[in-house]
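Please read these numbers as outputs of a predicted model, since none were measured by experiment. Each chain gets a letter, A, B and so on, in the order the sequences are listed, and its residues count up from 1.
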Protein chains: 2
Amino acid sequence: MQQVKMEVEQASLVLKLLGDKTRLTIMALLNIRELCVCELLEVFDMSQPSISQHLRKLKDAGLVKEERKGQWVYYSINKTSDAYPLLESVLHYIPEQTEKMEQIIKSNPTLRCGC
Amino acid sequence: MQQVKMEVEQASLVLKLLGDKTRLTIMALLNIRELCVCELLEVFDMSQPSISQHLRKLKDAGLVKEERKGQWVYYSINKTSDAYPLLESVLHYIPEQTEKMEQIIKSNPTLRCGC
DNA sequence: TTAGGATATAACTATTTGCTTATATGTTCA
DNA sequence: TGAACATATAAGCAAATAGTTATATCCTAA
């Protein structure tokens, strides 16, 4: 049923990244849709640099990719990563972060003006 | 297809434990069969206390259970753990540790005398 | 009952980690 | 062009982590 093994070393690095509550929640949110940094900031009780640093680690490991759209930088899950099958599998075991996602939608940080 | 979600907090704790090369390898070995501490010692280049401490963390999290058999303490995967489905799923993505298991069989540390 | 082997615990240390604040960089728009 | 916003990086710090050595505990067998 399953396939495409990773080396233990590589897998443990990915699992270590996912073994942090903040990063695991970020991945669960990105599993719903891509998000920009300011959207993620809405649902974590920590500073902007802290979120940026988590995202950098995830990006360095190839788990996410970034795309600048104007003044915002959007992050999304990198489905071409060798680790993607493992990641996807892990995400099956944690609940969808619908509450946090609603919080993002409600606050809508990329639309401050209302025009 | 998948089921029985864990809370993010609980899942991240389990993933953090698996996010260590030594512990992940231990779990992969225990996935083949139960092993005593002295058998595990054969395949890791570190001290006995270090292995014991890793096993303790895994036991505290409920991922493994221990059973004393005479002078040896055997560890095995705790299949009744809430985290077992996640663990099993993760282990699908890393290669079977057959080489290390052969090393254990060859050295056979629980049979020093040969009687 | 004591010696020796197997394992666990204690105490210590160096490294890593996750956060903070301060600051730099990049983008938009008046 | 420069003010304001979004994001990244730098530097520093406290806590967590993974290893070590020394020692305690538990079991077997002579």
Side-chain angles (χ1 to χ4, degrees), chain A residues 8-9 12-27 30 34-61 64-76 104 107-115, chain B residues 8-9 12-27 30 34-61 64-76 104 107-115:
Chain A
V8 174
E9 178 109 36
S12 68
L13 289 177
V14 171
L15 293 169
K16 178 176 291 183
L17 283 175
L18 300 180
D20 174 275
K21 195 185 168 186
T22 303
R23 284 191 297 260
L24 188 57
T25 306
I26 288 175
M27 294 311 294
L30 295 183
E34 66 168 12
L35 291 167
C36 71
V37 180
C38 66
E39 288 176 317
L40 287 168
L41 266 177
E42 294 292 331
V43 291
F44 294 102
D45 191 24
M46 61 181 63
S47 67
Q48 172 267 316
S50 191
I51 297 295
S52 271
Q53 282 154 12
H54 282 304
L55 289 167
R56 188 169 214 298
K57 287 183 184 183
L58 293 169
K59 198 187 71 172
D60 285 349
V64 304
K65 51 187 179 168
E66 66 175 35
E67 186 191 354
R68 181 174 275 278
K69 297 185 181 178
Q71 58 187 319
W72 296 291
V73 177
Y74 279 79
Y75 284 85
S76 58
I104 290 173
S107 62
N108 200 359
T110 61
L111 184 59
R112 291 280 181 227
C113 53
C115 50
Chain B
V8 174
E9 177 110 36
S12 68
L13 289 176
V14 170
L15 294 169
K16 179 175 291 183
L17 283 175
L18 300 180
D20 175 276
K21 194 185 168 187
T22 303
R23 283 192 297 262
L24 188 57
T25 307
I26 289 175
M27 295 311 294
L30 295 183
E34 65 168 12
L35 291 168
C36 71
V37 180
C38 66
E39 288 175 319
L40 288 168
L41 266 177
E42 294 293 330
V43 292
F44 294 101
D45 191 25
M46 60 182 63
S47 67
Q48 172 267 317
S50 190
I51 297 296
S52 272
Q53 283 155 10
H54 281 305
L55 289 168
R56 186 168 214 299
K57 287 184 184 182
L58 293 170
K59 198 187 70 171
D60 285 349
V64 303
K65 50 187 179 169
E66 67 176 32
E67 185 191 354
R68 181 172 276 279
K69 296 185 181 180
Q71 57 187 319
W72 297 292
V73 177
Y74 279 80
Y75 284 85
S76 59
I104 290 173
S107 61
N108 200 359
T110 62
L111 184 58
R112 291 278 181 228
C113 52
C115 49

Result for 5'-nearest mapping on DNA chain C, choosing between B/Glu66 and A/Lys16, is B/Glu66
**Request:** Please state whether the phosphate of C/dT20, meaning OP1 or OP2, lies under 4.0 angstrom from any side-chain nitrogen or oxygen of A/Ser47.
**Result:** yes
Out of D/dT9, C/dA8, D/dG19, minimum distance to the side chain of A/Pro49 belongs to D/dT9
Taken to the nearest whole Å, CZ/A/Arg56 to C1'/C/dT25 is 14 Å
Rounded to whole Å, the NZ-P distance (B/Lys59 to C/dT9) equals 7 Å
Side-chain contact check for A/Arg23: nearest option of C/dA8, C/dG18, D/dA8 is C/dG18
Kindly say if B/Lys57 contacts the phosphate of D/dT17, meaning a side-chain N or O under 4.0 Å from OP1 or OP2.
no
Whole-Å distance, B/Lys21 NZ to D/dT17 P, equals 20 Å
Among D/dA6, D/dG19, C/dT17, the one nearest any side-chain atom of B/Met46 is D/dG19
ask   = Is any side-chain N or O of B/Gln48 under 3.5 Å from a base N or O of D/dT20, one able to act as donor and the other as acceptor?
value = no
Respond yes when some side-chain nitrogen or oxygen of A/Tyr75 is under 4.0 Å from OP1 or OP2 of D/dA6, and no when none is. no
When rounded to whole Å, the CG to C1' distance for the pair B/Leu13 and D/dA16 reads 13 Å
Separation of D/dT9 atom C1' from A/Asp60 atom CG, nearest Å, is 13 Å
Closest of C/dT7, C/dG18, D/dA11 to the A/Gln53 side chain is D/dA11
### Task
Quick one: label B/Gln71 by what it contacts on the DNA or RNA (base, sugar-phosphate, nothing), any heavy atom closer than 4.0 Å.
sugar-phosphate
Does B/Ser52 have a side-chain nitrogen or oxygen under 4.0 Å from the phosphate oxygens OP1 or OP2 of C/dT7?
no
Judged by nearest nucleotide, the residue sitting upstream toward the 5' end of DNA chain C, A/Arg68 or A/Thr22, is A/Thr22
